[in-house]
Amino acid sequence: MRPIRLALVLSGAAALAGCVVGPDYVPPTLSLPASFSEQTAQAGGAADLSRWWQRLGDLDLDGLIEAAVAGNLDVAEAKARIQEARATYRQAGGALLPTLDAQASASRNRSGGLSTGGDATYSQFQAGFDASYEIDLFGARRRGVEAAFYGLGAANEEMRATLLTLIGDVASNYVDARGFQARIALARRSASSQRETAELTRNKFEAGAVSALDVASAAGQASSTEANIPTLEIAYTEAVHRLSVLTGRAPRALAEQLEEAVAIPMPKAPVPTGVPADLLRARPDVRLAERELAQSTALIGQAEAARYPSINLTGSIATSALKVGDLANSSAIGWSIGPNLTLPLFNGGQLAAAVEIAEAERDQSYLAFRASVLTALEDVENALIALDRERARYRSLKASATSFREAARLARSLYDTGASSFLDVLDAERSLYSAEDALIESGVAITTDYIALNKALGGGWDGEVDMTLPADMTAKAGES
């Protein structure tokens with residue numbers, strides 16, 4: 001019973017723990033604007049960020065985002081960091097408790113000499129317990145637990161930030177892919193129409209109605225339009241490859257799934273933005289910076305506590321016998337218990353410098369937090385102005401494309417009747433192609449700006465995340 005009583009005595013020493021030195025963390029307060037720019041605000045009211053991508057109404061996009069959240073390797077890496085942070089937190093908490101170790105040994109011995117008149121061979125068995133407990137007088141270990149807790153929060157926010165970036169990247173690349181499909185289809189239609197015009201011009205040239213210049217110009221314009229197609233196909237393929245990798249698969253995995261072209265998804269309704277103060281709660285990068293500030297503040301107290309005395313209670317009990325069966329009966333028993341006091345006297349200023357380092361790191365974390373808030377405000381303002389102005393540009397381009405479409409029809413009709421020159425037809429077809437291509441690009445830009453705005457507001461994944469790591473992780477495969 002003596003080891004048990006000794007452990008109970010050491011455990012009771014926890015009540016002797018004293019104060020906690022160092023600054024207590026207080027969340028910083030920042031002066032933020034009451035609202036975003038009135039000139040560019042899309043809509044009032046609280047921001048609705050829950051699964052914002054579903055408001056685009058594209059089931060393929062919804063499925064790709066689900067697949068990316070489940071299979072992306074950056075997300076898996078963030079999960080592993082959370083597991084590490086959880087283990088670190090448990091490890092720091094365990095340092096607050098006493099430790100109890102057991103040991104046993106067995107040896108075969110031989111002794112002899114002139115005084116004994118012969119040799120003696122015997123066995124010796126020993127068993128015992130060692131216990132220790134460091135009284136957390138000035139809170140060094142409690143500050144360590146506090147820092148580990150904030151570190152766990154930072155790891156969780158880092159995964160939220162990873163998911164936010166991932167969803168935005170999937171949505172942007174998907175929209176780009178659909179945009180390139182639309183531009184490829186437009187280029188093929190325009191080139192086909194221009195080839196028809198070139199063939200018609202050649203027929204007229206053979207009949208003596210037009211010059212060779214008109215024939216060469218018509219063929220050249222068709223070839224120029226066709227030359228855009230390979231470039232667009234390269235960009236489309238790269239977007240599909242990126243989407244495949246973002247979902248954790250080989251680059252060509254989604255080629256067949258996305259082969260059939262569909263309309264570019266575009267937002268229909270204005271986007272509620274809320275107020276700037278909402279960013280402190282919604283943006284994971286801001287929340288991550290705040291958790292890192294809290295962690296660095298706790299580490300100041302840990303460094304400060306190292307400058308003060310520490311008391312460590314230790315105790316041991318041991319028994320030895322010549323037979324195993326005698327360890328609990330006919331054995332020699334010894335024990336010891338007592339405190340150890342450590343008082344830092346001279347260390348060349350290292351401990352004081354460690355406190356200054358921790359304070360400097362806290363100041364850096366504070367500045368990083370402020371910078372993250374300003375960046376968040378900038379991201380929202382930029383996305384608001386971009387979305388607002390791109391919508392205005394889209395309306396103008398749509399009117400332009402309609403006008404050029406009518407101009408191309410009239411130019412062709414007048415040319416067929418001999419009322420206009422072939423140059424008018426070429427100019428009208430070139431302008432129509434450019435206007436329609438710019439209109440497609442503007443549609444892609446609107447959705448891209450919509451995605452950027454939701455990302456800037458902090459819209460990410462708000463559902464459950466399976467914390468299971470992939471079974472074929474490289475680290476585990478390397479162990480086999």
Atom CZ of residue position R370 - does it have more than 12 heavy atoms of other residues, nucleotides or ligands inside 6.0 Å?
no

Do side-chain atoms of Q181 reach the backbone of L258 as a donor and acceptor pair under 3.5 angstrom?
yes

If we only count heavy atoms from C-beta on, is the T314 to N340 side-chain gap below 4.5 Å?
yes

Y236 atom OH: more than 12 heavy-atom contacts under 6.0 Å
yes

Do the ring centers of Y308 and F138 come within less than 6.0 Å of each other?
yes

Any side-chain heavy atom of R287 sitting closer than 4.5 Å to one from E158?
no

Kindly say whether Q221 contributes a backbone atom to a donor-acceptor pair with the side chain of T225 at under 3.5 angstrom?
yes

Could you tell me whether the side chain of D424 and the main chain of A411 form a donor-acceptor pair under 3.5 Å?
no

What is the distance from atom CZ of R188 to atom CG of L232, rounded to the nearest 0.5 Å?
9.5 Å

Considering residues, nucleotides and ligands other than Q91, do more than 12 of their heavy atoms fall under 6.0 Å from its CD?
no

Please enumerate all residues that pass side-chain hydrogen bond (donor to acceptor under 3.5 Å, both in side chains) together with D462, with sequence neighbours excluded.
S50

Donor-acceptor under 3.5 Å (E381 side chain, S37 main chain):
yes

Okay, side chain of D136, backbone of R142: is any donor-acceptor separation there less than 3.5 Å?
yes

Any chance you could lay out the salt bridge (charged side-chain N to carboxylate O under 4.0 Å, His left out) test for E84 and R81, step after step, and finish with the verdict?
CA-CA 5 Å; E84 178 188 3; R81 282 194 290 268; over 6 Å; no

Approximate separation, where rounding is to 0.5 Å, of S372 OG and L280 CG:
8.5 Å

Please find out if less than 6.0 Å separates the ring center of F404 from that of Y433.
no

Check whether any side-chain N or O of D388 sits under 3.5 Å from a backbone N or O of L384 as a donor-acceptor pair, and report yes or no.
no

From I82 atom CD1 to K79 atom NZ, the distance as rounded to the nearest 0.5 Å:
9.0 Å

Evaluate R178 against D58 for salt bridge (charged side-chain N to carboxylate O under 4.0 Å, His left out), listing each step before the verdict.
CA-CA 11 Å; R178 294 310 189 190; D58 193 305; 5.1 Å; no

In this structure, OG1 of T247 is separated from CG of N72 (nearest 0.5 Å) by 8.0 Å

